[in-house]
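As the structure is a computational prediction, the values presented were derived from the model and not from experiment. Convention: sequence-line order gives letters A, B, ...; per-chain numbering from 1.
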Amino acid sequence: MTDEGYDHAAIERRWQDAWEAANAYRTPDDVADPTYVLGMYPYPSGKLHMGHVRNYTITDAYARYRRLRGDDVLHPMGWDAFGLPAENAAKERDTNPRDWTFDCIETMKGQMKSMGFGYDWDREITTCTPDYYRWNQWLFTRFHEEGLVERRDAAVNWCPSCETVLADEQVEGEAELCWRCDTPVETRDLEQWFLKITEYADELLDAIDDLEGWPNSVRQMQRNWIGRQYGTELSFEVEGHGDVEAFTTRVDTIHGATFFALAPDHPISEELAETDADVRRFIEEEADPDGDEPNGVETGLTAENPVTGEAIPVYVADFVLSEVGTGALMAVPAHDERDHAFAEKKGIEIRPVIAPEPKAADAEEADAEEAEPTIPDVEEAAFTDDGVLVNSGEYDGLDSETARERLTEDIDGASEATQYQLRDWGISRQRYWGTPIPVVHCPDCGPVMVPEDDLPVELPEFINTTGNPLDAAEEWKETTCPECGGPAERETDTMDTFVDSSWYPLRYVSPDLEEAPFDLERANDWMPVDQYVGGIEHAVMHLLYSRFFTKVLADHEGLEHREPFENLLAQGMVQLEGEKMSKSKGNVVSPQRIVEEYGADTARLFMMQAAQPERDFDWSEEGVRSTNRFLGRLQALVEEHADAIAAADAATAGSGAAVDVSVEDDPIAAYVTDEVDAAVAIATAEYDDLTFNVALREAQELVRTLRSYADYVDDPDPAVLGRGLSAAVRLLAPVTPHLAEELYARLQGMDPTDDPESAVTEGVVLAAAWPEAAVDRETVRKRRRLVENTREDVRQIVDVAGIEDPESIDVVVAPDWKYDALEIAIDSDADNLIGELMAEDHIRERGDAAAAYGQDLQAEREALSMTLRGDAEYEALRAAAWLIEREFDAPVTVVRAEATADDVARNAEPGRPAIDIEE
RNA sequence: GCGGGGGUGGCUGAGCCUGGCCAAAAGCGGCGGACUUAAGAUCCGCUCCCGUAGGGGUUCGAGGGUUCAAAUCCCUUCUCCCGCACCA
């Protein structure tokens, strides 16, 4: 690097030390309602990767921004410290998960500090400490008391490689692979602990509509996951087996049910397998629930259709899933594609009972004899839409929806039923490194909750074994029953780590509290999290479980919030050449290297200005270098002028207070002042929206303008330049905090290298206020457009007219009466605009000119919009005149139309000055 | 299949909700110029077509429609991406 580099290492170190010494990011317990900004806490895997850096730069930038705006901010960090990788790593390295985890935490914490993330480390939480996980246990017992915990024998997803059970959510794709190690998942029957999240299924689903601060994609994914369906539950009597429950959403098609199907693991199927060799062979060998082809075997039994009394054949079929509905279904080949395929294969009758709704037009034509529905041809393909019933006896002619209601009412034992795809949450894991489930198994009393006073149940020392280390910890396992005092054994399963993360935002509120998981009163004040940021991979699991926990805590613990996260941002990926960075692809860019080479500020700024936070973007070394150069130039610019600025007026320049510059005295300074306001107005709005990329572009643009000013003018006004630099530095401060602090101190005449203490205590951006803009965005937009259009017009004229070397350029701003006329035209709804205009004396006086302009206005009537007023346009153009002079190397005169010759002024309109160029 | 989000100038990508200063931001790439011994960096322009005074023409996946006016609203259609899925 060259003359433009700056000593990022020294600067970053200096300010990181300063912040730490000043405890700058501490949020005291007594603040009323801080803005709660949270990034998803990381799993301490060893090193920070780019995804982390992006995630936490977003939250840090937003937290810093809110702080500069004067908010109290809560911005904590912690560790999702339980989990399988620690166990595997411990085995590999012959250590234990605890030491390995804490090593990782130390490393990552150091990296976070070197990135300059401003966390309240006094609130740090680490889920693998008894201080934290005791509350998982406590919550488990509370859930139990409220009837939200269940122990049942369940077929579970078992990963043979991880030797543990997985939640449904942790099984990926059609191939059913373990989310961690991609091993095909097997099924096992085990006694498992479940949290009854299904009790909250309706609320979890319905409340999604109100999560307006969440991305639609995530909301939709949760809706799908919960998968609520309304239908009918009814029973078919299967000969020899009594009533068998089936669920259907299409009871209107029941007259077309031509067979009945059972899942291979349905109790009846299993019973049949014992005596029927064909059924057994099918279940054991042929059934392939993952295959595309529906397969099945006839049982020889029949089921009685509860409506028609008809006896239909019963099959065991592999496309029937025991987890869906009741594991048994009435099949209607005519109106269901899957049933149709199966019926075709087995030669089962396909009987249409729904016809398309006759078209309204047809109905009218055939009015007299009532439009007969046309029975669809279902031999080739099923007709799956709703329609009108046919071949359905007394129900003929009803529309599907009405028929469903009527049939559900009429059929004996049938009832409306709701099905969910959401299952209860199995939290048992046969692993060591997690929260021990606080249960004791007594031969006499059965499973007994560990009493609150005996919590936490702490993990024993790690034992390196192939199975579950807790099972091998004999001494630990042996205990007495809390109820009868007899000998008993501890539960050896631990909890899914998603339990830990389901309530951790609450723990930050009172991380050291010993009486409860969280301070209720403060949590009520501080929650919910105002802005949550993390990866889309948690769209369902973590975010759904957290919502569930929050609702339970609201119902039973007095929490006054039912949702944990008000606004959610799912950040995009950091890619390299369009591909996700991953170790296996070997295309990983190390944040550490970037920080060492360019500094944390460069890394942060590059990431934030590269793209909107929710978008994927490509890492580019070139982009990083150019960002680094930008910071170098900014630093040099401040350095060059700092002394003059500080000397001129430390109070004014440093604080960025309004500077009084008139266009008359110093048009260029006025232009710069306007641009400072413009940048502040826009960047502020963009920071509010978390569109850092736009905000930062504005800040960078401002620096460019300031540099042009300093270069173009012989002696730039230190007050003007100082105000601009001070604003620019603060606009960048959320993203490049170290350099911002350094430069802010310099602008106030301090030398942080000589006098770090006072620079820290007096100069910090942290203590400064966000810059204020003297204009609104709309004015900025109009002003910039005017200047830009005018410059472009001059260029065009010069170009089209072939003017080689302009002698002088006159810019004539329209007379006030035209602005008045424009305003009247916009407000007016009169047919004859000219008449209305001529009613104004001062316009009528203009004679032909007024009539001509009136006609123009009339012609574009609907498209008119208000510009700045004449004097504002005049000022803006005067201030910008230097840009034109600089470009064409010719003097530019900006005048009002009143002060110039009529023939030129005639062309001037609001928003569009007349231009006259002398060759 | 169901649900969600897209298709914009050489590329990336804003705009679309709330129609009109939108031939359409910004960045990249390309071209020209300034600076420099030179390169790099930086700065100033240009980058759909035509045009000797700011003009005109044709564009925003395709086709229709609404409107004085459509990239923006409506309908149809093609296509890409993401999530879920033998879901009863």
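- Closest to the side chain of A/V324, out of B/G45, B/A88, B/G54, is B/A88.
- Atom C1' of B/U72 sits at a distance of 38 Å from the matching atom of B/G33, rounded to the whole Å.
- Comparing B/A70 with B/C2, their C1' atoms are spaced 32 Å from each other, to the whole Å.
- Here the separation of B/U58 from B/U8, taken at their C1' atoms, is 16 Å to the nearest Å.
- Here the side chain of A/R912 is nearest to one of B/A88, B/G55, B/G5, namely B/G55.
- Within the 4.0 angstrom heavy-atom criterion, no nucleotide atom of any strand lies near A/E323.
- Following rounding to the nearest Å, A/D793 (CG) and B/A53 (P) show an atom-to-atom distance of 14 Å.
- In terms of position on RNA chain B, the residue among A/S708 and A/N789 whose nearest nucleotide sits closer to the 5' end is A/N789.
- When distances run from any side-chain atom of A/R633 to the nucleotides B/G54, B/A88, B/U42, the shortest one goes to B/U42.
- Residue contacts shown for A/V332 are absent, as no nucleic acid heavy atom lies under 4.0 Å away.
- Here A/D916 lies in heavy-atom contact (under 4.0 Å) with a base.
- Nearest to the side-chain atoms of A/F319 among the listed nucleotides B/C21, B/U42, B/C86 stands B/C86.
- Note on A/R781: nothing from the nucleic acid sits closer than 4.0 angstrom, heavy atoms only.
- In this entry the distance linking CE of A/M221 with C1' of B/G3 reads 12 Å, nearest Å.
- Across B/G54, B/C87, B/C43, the shortest atom-to-atom separation from the side chain of A/R707 is found for B/C43.
- Here the C1' atom of nucleotide B/C28 and the CD atom of A/Q609 are 12 Å apart, to the nearest Å.
- The main-chain N or O of A/A681 is never found under 3.5 Å from a side-chain atom of A/R777 such that the two would form a donor-acceptor pair.
- Heavy atoms of A/L864 sit nowhere under 4.0 angstrom from any nucleic acid atom.
- Heavy-atom distances to RNA chain B give each of A/S217 and A/P910 a nearest nucleotide, and the one nearer the 5′ end belongs to A/S217.
- Taking the P atom of each, B/A71 and B/C21 are spaced 9 Å apart, rounded to whole Å.
- Distances shown here put a side-chain N or O of A/R795 below 4.0 Å from the OP1 or OP2 atom of B/C46.
- For the pair A/F617 CZ and B/C28 C1', the interatomic distance rounds to 15 Å; values are reported in whole Å.
- In this structure, of B/C87, B/C68, B/A88, it is B/C68 that holds the atom nearest to the side chain of A/E862.
- A/P806 comes within 4.0 angstrom of nothing in the nucleic acid, heavy atoms only.
- Contact check, A/R228 against B/C87: no side-chain N or O comes under 4.0 Å of OP1 or OP2.
- In summary, the side chains of A/R223 and A/Q220 do present a donor paired with an acceptor at a separation below 3.5 Å, with no hydrogens or angles considered.
- Among the heavy atoms of the strands lying under 4.0 Å from A/D288 is at least one base atom, whether or not backbone atoms are also near.
- Judged purely by distance below 3.5 Å, without hydrogens or angles, the side chains of A/D793 and A/T790 never pair a donor atom with an acceptor atom.
- A/Y709 has its ring centre no less than 6.0 Å from the ring centre of A/Y671.
- Here A/Y687 and A/F692 bring their ring centres to under 6.0 angstrom of each other.
- Looking at the side chain of A/L321, the nearest of the listed nucleotides B/C86, B/G51, B/U42 is B/C86.
- Within 4.0 Å of A/S865, counting heavy atoms only, lies at least one base atom of the nucleic acid.
- A distance of about 14 Å separates the P atoms of B/G9 and B/U59, rounded to the whole Å.
- Across all strands shown, A/R704 has heavy atoms under 4.0 Å from sugar-phosphate atoms exclusively, and none from any base.
- What separates CG of A/D339 from C1' of B/C86 is a distance of 10 Å, to the nearest Å.
- If you take atom C1' in B/C28 and the same atom in B/C46, they sit 16 Å apart, rounded to whole Å.
- Taking every heavy atom of both residues into account, A/V353 and A/G256 meet most closely at CG1-N, 3.5 Å.
- Distance A/I682 CD1 to B/A25 C1': 11 Å, rounded to the nearest Å.
- Across the P atoms, B/C80 and B/G57 are found 37 Å apart, a figure rounded to whole Å.
- You'll find that the side chain of A/R338 is closest to B/C86, out of B/C86, B/G5, B/C84.
- Here the side chain of A/R886 is nearest to one of B/A88, B/C44, B/G54, namely B/C44.
- Between A/Y712 and A/W882, the two ring planes are tilted [angle within 30° to 60°].
- Here A/S626 lies out of heavy-atom contact (under 4.0 Å) with every strand.
- Residue A/R784 contributes atom CZ, which lies 12 Å from atom C1' of B/A26 at whole-angstrom precision.
- With no hydrogens or angles considered, no side-chain donor-acceptor pair links A/Q229 and A/Y420 at under 3.5 Å.
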Could you please spell out the steps behind the side-chain contact (heavy atoms from CB on, under 4.5 Å) verdict for A/R228 and A/D206? CA-CA 10 Å; A/R228 181 168 63 192; A/D206 295 336; 2.8 Å; yes
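- Distance CZ (A/R423) to P (B/A85): 12 Å, rounded to an integer number of Å.
- Contact between the side-chain N/O atoms of A/R223 and the OP1/OP2 oxygens of B/G3 is not found at any separation under 4.0 Å.
- Across all strands, A/G325 comes closer than 4.0 Å to base atoms (heavy-atom distances).
- Nearest nucleotide to the side chain of A/V800, out of B/C86, B/C44, B/A53: B/A53.
- Checked against ring pair (Phe, Tyr, Trp, His ring centres under 6.0 Å), A/H335 has no partners two or more places apart in sequence or in another chain.
- Taking the six-membered ring where the residue is Trp, the centroids of A/Y598 and A/F606 are separated by 6.0 Å or more.
- Rounded to a whole angstrom, the distance from the P atom of B/G15 to that of B/U37 is 46 Å.
- Counting only Watson-Crick and G-U wobble pairs whose two key distances fall under 3.5 Å, RNA chain B forms stems of three or more stacked pairs at B:1-7 with B:78-84, B:10-12 with B:26-28, B:29-34 with B:42-47, B:48-50 with B:55-57, B:61-65 with B:73-77.
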